[in-house]
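Working notes for the structure below.
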Number of protein chains: 2
Amino acid sequence: MTIKEIAEAAGVSTATVSRVLNNSDKVQGKTAERVLEVVEKLNYRPDHVARRMRVKTTNSLVFGLVITDIENPFFANVAKGVESVAFKNKHVLMICNTNEDPEKEKFFLNSMLSEKVSGVILVPTTGNAEFYDKLVSDGFPLVLVDRHPKGLNVDTVAINNEEGGYKAVKRLVDLGHTRIGIINGIKGLSNAEERFHGYKKALNEAGVPIIDELITYGNYVESGGRKATEALLTINEPPTAIFSTNNLMTLGCLKELYKRKISIPDDIALIGFDDSTWAEALIPPLTTVKQPGYELGVNAAELLIKRLNNPHSSIMNIVLNTELVIRNSCGGLKP
Amino acid sequence: MTIKEIAEAAGVSTATVSRVLNNSDKVQGKTAERVLEVVEKLNYRPDHVARRMRVKTTNSLVFGLVITDIENPFFANVAKGVESVAFKNKHVLMICNTNEDPEKEKFFLNSMLSEKVSGVILVPTTGNAEFYDKLVSDGFPLVLVDRHPKGLNVDTVAINNEEGGYKAVKRLVDLGHTRIGIINGIKGLSNAEERFHGYKKALNEAGVPIIDELITYGNYVESGGRKATEALLTINEPPTAIFSTNNLMTLGCLKELYKRKISIPDDIALIGFDDSTWAEALIPPLTTVKQPGYELGVNAAELLIKRLNNPHSSIMNIVLNTELVIRNSCGGLKP
DNA sequence: AAGTAAATTGTAATCGTTTACAGTCACAAA
DNA sequence: TTTGTGACTGTAAACGATTACAATTTACTT
């Protein structure tokens, strides 16, 4: 079913059909009606592929979204935010999942470029910075979310990770802890390093020494969180509190603690980063730094649209704030 | 950067470049090398849009995936399974999120058809059955996952929901419960009804009467689970065990129980459906019926590929089994 | 009635590939 | 030398839409 068949059936030219379909230009009311009737009757569906080939604008009706882990509820939130904006703009989403693999990421970005998406929202891994740079300088609409490779002049939407880390650790310090273990994310990722900065800042401010033994890395995955927890618990003088810097590692940590029958918050205090939907269902409910994942996605999508409408406006870097959600996994709550 | 420019730069025709790029046909080694060098040097990226327009096959390098809730870890699992197969086949995924809204679903399906995806994997909502039917009879490659509208002759991959529900409730019955509340999913959805069948079957087999008061509906969302739990707890003689038929409703249930300081498994037993990553981190860890979400996705994608390669082979309905994961939320475990 | 501007519609080129078909070339056989 | 045969390579026509430009019709003025 093509525009040509519609044209024939309605006794007009393809140009007229196209005009009616894009309800642009001036077509006589009667003619438009007749065409629309035929369109309806023949159940015609426009071919976006053909359209996109002809129309050189960025108007492809598809946005790309590249995330690192679709199974992490945080990124699911982000995706939902992006989706809601995309849908409002009649766009559809091409979502890819890199698993933090730079090669996969490159493949997906190339695929999306080949598919001529309008633009891409990307949670960057490490190692492809020059590639992004080339895309941006070629004028391709790209928005980075959640992470910001150093020295890159590109639109970004991220959260204030340092402040988030600071808040979390300050809370622990305020409750009297001085041996505070941290489970860090992936080395070299901006958000991981910033959260770590926040940790150090809070300790420094309180005059608490920073002890190497208490600094572990869990690479943002559950098994990493578990191993890191194990490491923290088996040192000479284990921490009295743990700051886990993402939700999956928190899960690993919880499981390890449960296995060892170490109870929260009595034996150890635990504070997480990222408020997942299950955080409140834990016993005790988890105190955590809440990241606005959905808003991150919404803002990224809106920024992308802004960029599309105005390719030469200056680069924007949006930073959203976190919120400390105090529940009971660090104690300190009135009963 | 088009194939034409490559052709000029390499001093050959566009046909030759195309042949080299699709490493088909016989092109002289030297020529191919020269072309590839130019491709490399000029950083050429094929235009899939143009390609797809010319090539009428189903070979579009894009699969569609329509799910109902990207924030539900179960569907994230499914998506990941689909993704892994897609990636192996150098395909990229167009993912849409219907939120159980039939209108949105229709819009997305139309979009995907317009984008000429190779085929679609769909978690169907209610109400668009005739639409699917038309697609399938038009020869469009469609695979349904997780749910199966009645009377539709279409490829499906689902789990054995009735057996899953049966296993869960049997476990409760075996532990001596006779007042077992159920929090059902969305009325009219095959998987919800099948799980409910399993519930009734287990009770009937044990000679336990089925009591209307104990049957509630939570529509597969957290708030629904919460309200349903509230309803169950405020009847005259509350249940001693609850079967929650999906993960989000289980979360709602847990929160309601926590609020009311009802402890698991001492005051009430709880069994869930769908083993989320957090289920094991709960205290006590959640006993649940595990659905193989990832495998569901893998199988759906493979079925889709099979369908693409062989459009006229007979319709397949794949059913995967569940597994009862016994933890401690129903009690009955040796300490 | 003729002329003119405005409104509507049609013609045909174009987007970047793929591919049927045709053409070229080298070399072996007659 | 001519002819036939592969092995390559090139030419040009699609694919389905959009749109500049041309053509036609309509409406209005004088």
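Every chain is numbered from 1 and lettered A, B, ... according to where its sequence line falls, protein lines coming before strand lines.
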Whole-Å distance separating the CD atom of B:Glu5 from the P atom of C:dG16: 8 Å
According to salt bridge (Lys or Arg N to Asp or Glu O under 4.0 Å), does anything in residues 295-319 of chain B pair up with another residue at least two apart or in another chain? List the pairs. B:Asp155-B:Arg307
May I ask you to evaluate whether A:Gln28 reaches the phosphate of C:dA7, defined as a side-chain N or O under 4.0 Å from OP1 or OP2? no
Please, which pairs that meet side chain to side chain donor-acceptor pair (under 3.5 Å) have at least one residue in residues 27-36 of chain A, sequence neighbours excluded? none
For residues 61-77 of chain B, which side-chain donor-acceptor pairs fall under 3.5 Å, sequence neighbours excluded?
| from | atom 1 | to | atom 2 | distance (Å) |
| --- | --- | --- | --- | --- |
| B:Asp69 | OD1 | B:Glu71 | N | 2.9 |
| B:Glu71 | OE1 | A:Lys80 | NZ | 3.1 |
| B:Asn72 | OD1 | B:Phe74 | N | 2.9 |
| B:Asn72 | OD1 | B:Asn247 | ND2 | 2.8 |
| B:Asn72 | ND2 | B:Asn247 | OD1 | 3.3 |

Between CG of A:Leu113 and C1' of C:dG16 the distance, given in whole Å, is 16 Å
Report, one pair per line, the protein and nucleotides 15-19 of chain D atoms (nitrogen or oxygen only) whose separation is under 3.5 Å.
| from | atom 1 | to | atom 2 | distance (Å) |
| --- | --- | --- | --- | --- |
| D:dC15 | O2 | B:Arg54 | N | 3.4 |
| D:dG16 | N2 | A:Ala50 | O | 3.3 |
| D:dA17 | OP1 | A:Tyr44 | OH | 2.5 |
| D:dA17 | OP1 | A:Asp47 | N | 3.2 |
| D:dA17 | OP2 | A:Ile3 | N | 2.3 |
| D:dT18 | OP1 | A:Asn22 | OD1 | 3.4 |
| D:dT18 | OP1 | A:Asn22 | ND2 | 3.2 |
| D:dT18 | OP1 | A:Arg51 | NE | 3.4 |
| D:dT18 | OP2 | A:Ser18 | OG | 2.5 |
| D:dT18 | OP2 | A:Asn22 | ND2 | 3.3 |
| D:dT18 | O2 | A:Arg54 | NH1 | 2.0 |

Going by ring pair (Phe, Tyr, Trp, His ring centres under 6.0 Å), name the pairs with one or both residues in residues 109-147 of chain A, residues two or more places apart or in two chains. none
Filter on salt bridge (Lys or Arg N to Asp or Glu O under 4.0 Å), then keep only pairs touching residues 90-105 of chain A, sequence neighbours left out; what's left? A:Glu100-A:Arg147, A:Lys104-B:Glu83
